[in-house]
Amino acid sequence: MSAPVIIWFRRDLRLQDNLALEAALKSGAAVIPLFIFDPNILNSRRISSVRLKFMLSALESLDGSLRAYGRRLLVRHGEALPTLQNLIEQSGATALYFNTDYTPFAIQRDAAVSEALSIGVHTYHDRLMMPPGSVMTNDDTPYSVYSPFKRKWREKRDERLHIAQYTISAEKLHDLEGLQNDGLPDLHALGHSSTVDVPQTSAEYVSSLLDRWVDERIYGYKDGRDMLGDPHTAPLSATSFFSPYIRFGILSTRTIYWHCREAYENATDKAGRESVTKFVDEIIWHEFYTHVLWHHPHVVDHNFNEKYDAIQWRHAPDMLAAWQNGMTGYPIVDAAMRQLNATGWMHNRARMVVASFLTKDLLIDWREGELYFMRRLLDGDLANNNGGWQWAAGTGTDAQPYFRIFNPLSQSQKFDPTGAYIRAWIPELRDVADRFIHEPHNAATPPNNYPAPIVDHQLARQAALQMFEAAKKSEVN
DNA sequence: AACGACTTGTT
DNA sequence: ACAAGTCGT
């Protein structure tokens, strides 16, 4: 039996359309499928119990897919480099394959691994269709505005981008005999617990989710994407719910993209084509924010726009706690935060509403919100989450102008007109009459177990405007 | 270098 | 109507 090679799974927990796996299989050597639980990641401040639970489920599914071939996932615990060195020594592996991860910690880790290992290390751009550096302005500088980035992306996107083509069989996978396999831990063994029921992760389920989306549901995206609703009667709303799957690479954006091209061809009218285009725009946002973080790693804990560094955000732990717990007295904000706490997911429209509320109504630093989201979201992704928060705060690339402040009441009336979303997540408000559902404190007999608004929006709005203007002034001087 | 363009809004 | 520049070609 000849020497094996290793595929190191990280944020690409799937067997389909995986470029590193394709290359490893085509090497002709038996492939060891490896996952490493790294204490540096498990101990990071942005770790999330619910996301970890979801990832464990995804790893179970990956292992299940391998078991269908009579093989297993090899699991090890430890820091990446020594763990890899140990496995290479034990197995005699002659090459390592993995897909590039573009986040700051991973870049550093992977550079150290490539540098230290004496075997061949092969990396692939699998997570993005256009890797950082491949979509630049005519002056060869990174874009800081989305629209021109999108135009260039669409112009430059390589037509040869292909869905990886390969077949897997027992013979192509290493049997792992004689290799220590730590197996998948349960959540508690990792020091975490969560009562959230995480979404299904099997390859079959994810594939059916994609099929239902591109065959039918995508055509309602343009009109329905912003509407909040009752998740019990319309569990998926008009959004794809792909984000948790994209986060862990359970579903590849390249696969989604090519399915969208087909959906575009199959559209029967202009509105259908516009829906597909709008949806693909969102995938390009994913690429944009990943590029932004790659070019400007300081955005992790600094304003992208230094002009606003002088802002004196409010230190208000009680207000922050009220926001986190869905007890602000603004039903749309509280419904959204409770959806996040209960499910690990929040509708995108709602994310903007609660982010605007934290930064412009409570005047609390966007970093507090960014961190809380990372600790709760199934799809928590450093680049996208940071980009979204800085957009809402007005400090980011192509950010919302600071004076354009969301009004929680009008957002509520516009995107949850019947109050179905509010009632779904705030049981205290279930019996409130329709005309008071967006502002229950104005009802004749307000529910006594639901708080009155903790701030006055009009006053808070004025304070936010002053805070930003003061920061701009002090920056000039 | 002038000029068009600029995710998601509010009053 | 307003708001405020600034990005990219």
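Throughout, protein chains are lettered first and strands after them, A, B, ... in sequence-line order, and every chain is numbered starting at 1.
- Comparing B/dT8, B/dT10, C/dA3 by their closest approach to the side chain of A/Phe403 singles out C/dA3.
- Proximity of A/Ser410 to the phosphate of B/dT10: a side-chain N or O atom is located under 4.0 Å from OP1 or OP2.
- Closest to the side chain of A/Glu469, out of C/dT6, B/dT10, C/dA4, is C/dA4.
- A/Phe35 has its ring centre less than 6.0 Å from the ring centre of A/Phe37.
- For A/Ser144, the listed nucleotide lying nearest its side chain is C/dC7; candidates were B/dT11, C/dT6, C/dC7.
- Checking B/dC6, B/dT10, C/dA4 against the side-chain heavy atoms of A/Arg461 singles out B/dT10 as nearest.
- Backbone-only engagement by A/Pro148 is indicated by non-hydrogen atom pairs under 4.0 Å involving sugar-phosphate atoms exclusively.
- For A/Tyr257 and A/Trp153, the ring centers are positioned less than 6.0 Å apart.
- Distance from the side chain of A/Gln400 is smallest to B/dG9 among B/dG9, C/dG8, C/dT9.
- No close placement of the A/His291 and A/Tyr102 rings is indicated, their centers lying 6.0 Å or farther apart.
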Could you tabulate the donor-acceptor pairs under 3.5 Å formed by side-chain atoms of residues 437-451 of chain A, not counting sequence neighbours?
unit_1   : atom_1 : unit_2   : atom_2 : d
A/His438 : ND1    : A/Ser412 : OG     : 2.6
A/Glu439 : OE1    : A/Asn442 : ND2    : 3.0
A/Tyr450 : OH     : A/Tyr330 : N      : 3.4
A/Tyr450 : OH     : A/Asp334 : OD2    : 2.5

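- When each of A/Phe54, A/Trp345, A/Trp213 is paired with A/Tyr245, the ring-ring contact (aromatic ring centres under 6.0 Å, His included) condition holds for A/Phe54 and for no other.
- The residue A/Lys360 sits apart from the nucleic acid: no heavy atom pair falls under 4.0 Å.
- Residue contacts shown for A/Thr141 are absent, as no nucleic acid heavy atom lies under 4.0 Å away.
- Looking at A/Ser49 and A/Ser194, their side chains never bring a donor and an acceptor atom within 3.5 Å of each other.
- Residue contacts shown for A/Gln458 are limited to sugar-phosphate atoms, with no base heavy atom under 4.0 Å away.
- Here the nucleotide nearest the side chain of A/Phe406, chosen from B/dT10, C/dG8, C/dA4, is B/dT10.
- Two residues are said to be in side-chain contact when any heavy atoms from C-beta on lie closer than 4.5 Å; A/Phe468 and A/Phe403 fail this criterion.
- In this structure, C/dA4 makes no Watson-Crick or G-U wobble pair, since no nucleotide meets both defining distances under 3.5 angstrom.
- Nearest nucleotide to the A/Arg151 side chain, out of B/dC6, C/dT9, C/dC7: B/dC6.
- Of the residues in residues 388-396 of chain A, not one comes within less than 4.0 Å of DNA chain C through any heavy atom.
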